Amino acid sequence: MWTYLNGEFISKEEVRISPFDRGFLFGDSVYEVIPSYNNKLFLFDEHLERLKNSLSITNIPIPDSLKDLHPLMMELLKKNQFSNQAIYIQITRGVDPVRSHVSASTTVPTLFMTSTELETNPYRENPDKEGLKVELEEDMRWKRCEVKATTLLPNIIPFHREDKSDIDEILFHDGQKINEGSKSNIFFVFDDLIVTPPKEQNILLGVTRNYFLKRLLEEGFRVLEKEVKIEDLNKADEIWVTSSTKEIQPVHQVDNMVLPEKELDEYYWHKALKVLEEDLKGNC
Ligand code: PDD
């Protein structure tokens, strides 16, 4: 397994980073996860744009190597060989001489990348597989969730409670308003209307969310960005999650509420997955 750190490709066993790196000390860093299919990056420009936005909001300087990001990622894909991969890129504000809340003006950002095999979405191979089990949780995160920051304690703590080992995803809500998952965006279907929370809510604007919004509209589906409340959940015919690594996956159960069943062809998540699969043929 190969990684990339500050200008060099280094094997996973040999790569080292200082504990004085602000990413380690303060979680002072941002990241992206970019999928590749058949050795081609999918929606690279959209991920790069969001990464630049995260850097700009946090005032982390743009590393020089960012201009060569595409060829560097292609080189990493080549070295790690799997035909479908998920590339992780993290940029921290860099290594300071001493721990200080205020970074030294001379500190240069750290750029780290690694990649793993992208697991095939199980709902592609077996669309009849039972959907995900998700649980609602009050959203305790900060108010700038449009930044893809590595400070993810509220996102991961729920999975580490003793009784939560069989939970696939957590759905964050602000009072009645449902925002998003801990690692995915959320879509709801009411009759033939597909709804996802708007960007004005505290969410990460998922690249996969935006892709499905655009493509489903183009394909003639009724799609709306609109808030969904907890009290609307029992009217939902379908709920799905989307992300760069999960693509699109259906939800079976929210807390104790089980979603209604339909014939496979009637599920909108399945129609959406078909759209993605067709588009990916063009990516190959
Ligand atoms: N997570 N919302 C949150 C909080 C996320 O962490 C993610 C992705 C998404 C979906 O974004 P996208 O479609 O751009 O992947 C939404 C990544 C995959 C992760 O943290 O590993």
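Ligands are counted one by one from 1 in listed order, and the atoms in each one are counted from 1 as well. Keep in mind it's a predicted model, so treat the numbers as computed, not measured.
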(request) For residues Leu213 and Arg209, determine if any side-chain heavy atom of one lies less than 4.5 Å from a side-chain heavy atom of the other. (result)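 The answer is yes, as the side chains (C-beta and beyond) meet within the 4.5 Å cut-off.
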
Under 3.5 Å: N/O of [X] near N/O of ligand 1:
X: Thr245; answer: no
X: Thr242; answer: no
X: His47; answer: no
X: Lys148; answer: yes
X: Arg141; answer: no

Can a salt bridge be assigned to the pair [X] and [Y] using a cut-off of 4.0 Å between side-chain N and carboxylate O?
X: Arg161; Y: Glu137; value: yes
X: Glu219; Y: Arg215; value: yes
X: Arg16; Y: Glu14; value: no
X: Lys52; Y: Glu32; value: no

(request) Count the heavy atoms belonging to other residues, nucleotides or ligands that lie under 6.0 Å from CZ of Phe190, then report whether that count exceeds 12. (result)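 Counting neighbours around CZ of Phe190, more than 12 heavy atoms of other residues, nucleotides or ligands fall under 6.0 Å, so yes.
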
Classify the contact between [X] and ligand 1 as side chain, backbone, both or neither, using a heavy-atom distance cut-off of under 4.0 Å.
X: Lys246; answer: neither
X: Val33; answer: side chain
X: Cys145; answer: neither

Could you pull out every donor-acceptor pair under 3.5 Å between side chains of residues 75-83 and any protein atom, sequence neighbours left out?
| residue | atom | partner | partner atom | Å |
| --- | --- | --- | --- | --- |
| Asn80 | OD1 | Trp2 | N | 2.6 |
| Asn80 | ND2 | Trp2 | O | 3.0 |
| Asn80 | ND2 | Ser115 | OG | 2.8 |

(message) Out of Ser244, Gly206, Ser184, who is nearest to atom 9 (C) of ligand 1 when you count heavy atoms only?
(response) Ser184

(request) Starting from atom 6 (O) of ligand 1, find the nearest protein heavy-atom neighbour and note its residue, name and distance. (result)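 Going atom by atom, the protein heavy atom closest to atom 6 (O) of ligand 1 ends up being Lys183 CA, 3.5 Å.
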
